[in-house]
Amino acid sequence: ALYGFQGELTQKYGKNFIPIFNEVFCALPLGCVLSERIFIMHGGLFSDSEITIQRLNAIDRFKEPSDDGVFCEILWSDPCDSCGKFPNKRGVGIAFGPDITKNFLRTNGLKLVIRSHEVKDQGYEIQHSNTLITVFSAPNYCDQMGNKGAFIRLKNDMIPEFITFDAVPHPDIPAMFYANPYTKIL
């Protein structure tokens, strides 16, 4: 509800769709491994240094996320430039440094982490000595950030190609309109 998805869904399709979307979100995978080289997820890495892909596969995904631990961290953690693990500025998950990324990749025999979850001015950012990429596909986030959107194209060689784009005009609705539960289009 915070960013307006629930409000927009209710406004456009009725409140009966909210439980359906909640069920779909609970069924989405936490991440995936692509070509045995790239780990793709929403948030970030973990406070536990020994997390393996096998352990992630064992998580019961069909429930609401917990407030801490691996399930929470994969959704909410963010990278930072300093080595180590730190409290995250979001108040949930962790901030993790290049050493944490390097260890995760080595432990799991991988080469690259691709994540989203953070606005980036150019739509993407490469960090941790080219082992971690953040890609953000929502241009002009919340109708006020002015950022580009981006996506990554991976061909057979698995080398990322970045495609960026600007926001397009949309209906004349104030920024964050659907985030306010008291607004309603007639």
Side chains of Ser49 and Lys85, donor plus acceptor under 3.5 Å: yes
field: Whether Phe39 and Phe104 hold their rings parallel, tilted or perpendicular, with breakpoints at 30° and 60°
entry: tilted
query: Which pair of non-hydrogen atoms, one from Pro139 and one from Gly149, has the smallest distance, and what is that distance?
result: CB-N, 3.6 Å
- request: State whether the number of non-hydrogen atoms from other residues, nucleotides or ligands found under 6.0 Å of Glu23 atom CD is greater than 12.
  value: no
- request: State the CG-CD distance between Asn108 and Glu50, to the nearest 0.5 angstrom.
  value: 10.0 Å
query: Phe71 and Val113: same hydrophobic cluster, using ILVMFWY side-chain contacts below 4.5 Å?
result: yes
message: If you define the side chain from C-beta out and look only at heavy atoms, does anything of Gln127 sit under 4.5 Å from Asp81?
response: yes
statement: Nearest heavy-atom contact between Gly93 and Asn88 is O-CB, 3.6 Å
Partner of Tyr124 under ring-ring contact (aromatic ring centres under 6.0 Å, His included), chosen from Phe136, Phe165, Phe162: Phe162
task: Walk me through it: do Glu118 and Lys89 pass the test salt bridge (charged side-chain N to carboxylate O under 4.0 Å, His left out)?
output: CA-CA 12 Å; Glu118 282 185 287; Lys89 63 186 178 232; 3.7 Å; yes
- line: Between Pro98 and the options Cys83, Ser129, Cys80, Pro79, the side chain to side chain contact (heavy atoms under 4.5 Å, CB included) test singles out Cys83
field: Exceeds 12 heavy-atom contacts within 6.0 angstrom, atom CD of Glu64
entry: no
- prompt: Which atom pair, heavy atoms only, marks the closest approach of Leu112 to Pro160?
  reply: CD2-CG, 4.1 Å
query: Crowded around Asp67 CG? As in, over 12 foreign heavy atoms under 6.0 Å?
result: no
query: Is any side-chain heavy atom of Ser66 less than 4.5 Å from a side-chain heavy atom of Cys72?
result: yes
- prompt: So if you build clusters from Ile, Leu, Val, Met, Phe, Trp, Tyr with side-chain heavy-atom gaps below 4.5 Å, do Leu132 and Phe86 land together?
  reply: no
task: Quick one: pull up CG in Asp99 and CZ in Arg106 and give me the separation to the nearest 0.5 Å.
output: 10.0 Å
message: Other residues, nucleotides and ligands only: do more than 12 of their heavy atoms fall within 6.0 Å of CG on Asp60?
response: yes
- prompt: Are Leu45 and Ile74 connected in a single hydrophobic cluster, I mean Ile/Leu/Val/Met/Phe/Trp/Tyr linked by side-chain heavy atoms less than 4.5 Å apart?
  reply: yes
task: Measure the spacing between SG of Cys32 and CG of Asn57 and express it to the nearest 0.5 Å.
output: 10.5 Å
message: Please find the pair of heavy atoms, one from Thr10 and one from Ile18, that lie closest to each other, and give the distance.
response: OG1-CD1, 3.2 Å
- prompt: Roughly how far, to the nearest 0.5 Å, is CD1 of Ile173 from CD of Gln11?
  reply: 8.5 Å
query: So does Asp48 pair up with Arg55, basic N to acidic O under 4.0 Å?
result: yes
query: Quick one: CD1 on Ile133 to CD1 on Ile40, what's the gap to the nearest 0.5 Å?
result: 9.5 Å
- prompt: How about His117 and Thr134: do any of their side-chain heavy atoms sit closer than 4.5 Å?
  reply: no
- prompt: Same cluster or not: are Ile114 and Phe151 linked, directly or through other Ile, Leu, Val, Met, Phe, Trp or Tyr residues, by side-chain heavy atoms under 4.5 angstrom apart?
  reply: no
- request: Might you point out which heavy atoms bring Gln122 and Thr164 nearest each other, and give the distance in Å?
  value: O-CG2, 3.3 Å
- prompt: Heavy atoms, side chains only, cut-off 4.5 Å: are Thr131 and Lys102 in contact?
  reply: no
- request: Answer whether the closest heavy-atom distance between the side chains of Leu154 and Glu161 falls below 4.5 Å.
  value: no
message: Within the structure provided, determine whether Ile38 and Met158 are in side-chain contact (heavy-atom separation under 4.5 Å).
response: yes
message: With a 4.5 Å cut-off on side-chain heavy-atom distances among I, L, V, M, F, W and Y, is there a chain of contacts connecting Val168 to Tyr141?
response: no
Close side-chain approach of Ile51 to Val70, heavy-atom, < 4.5 Å: yes
task: Compute the centroid of each ring, for His42 and then for Trp76, and state whether the two points are separated by less than 6.0 Å.
output: no
message: Check Asp121 with Lys148, please: is the shortest side-chain N to carboxylate O separation under 4.0 Å?
response: no
message: Restricting to non-hydrogen atoms, name the atom on Ser47 and the atom on Glu73 that form the minimum distance, rounded to 0.1 Å.
response: OG-OE2, 2.7 Å
task: Show the numbers, then the answer: is there a ring pair (Phe, Tyr, Trp, His ring centres under 6.0 Å) between Phe96 and Phe46?
output: CA-CA 8 Å; Phe96 60 96; Phe46 314 99; 8.4 Å; no
message: Quick check for you: to the nearest 0.5 Å, what is the distance between Asp78 atom CG and Arg90 atom CZ?
response: 4.0 Å
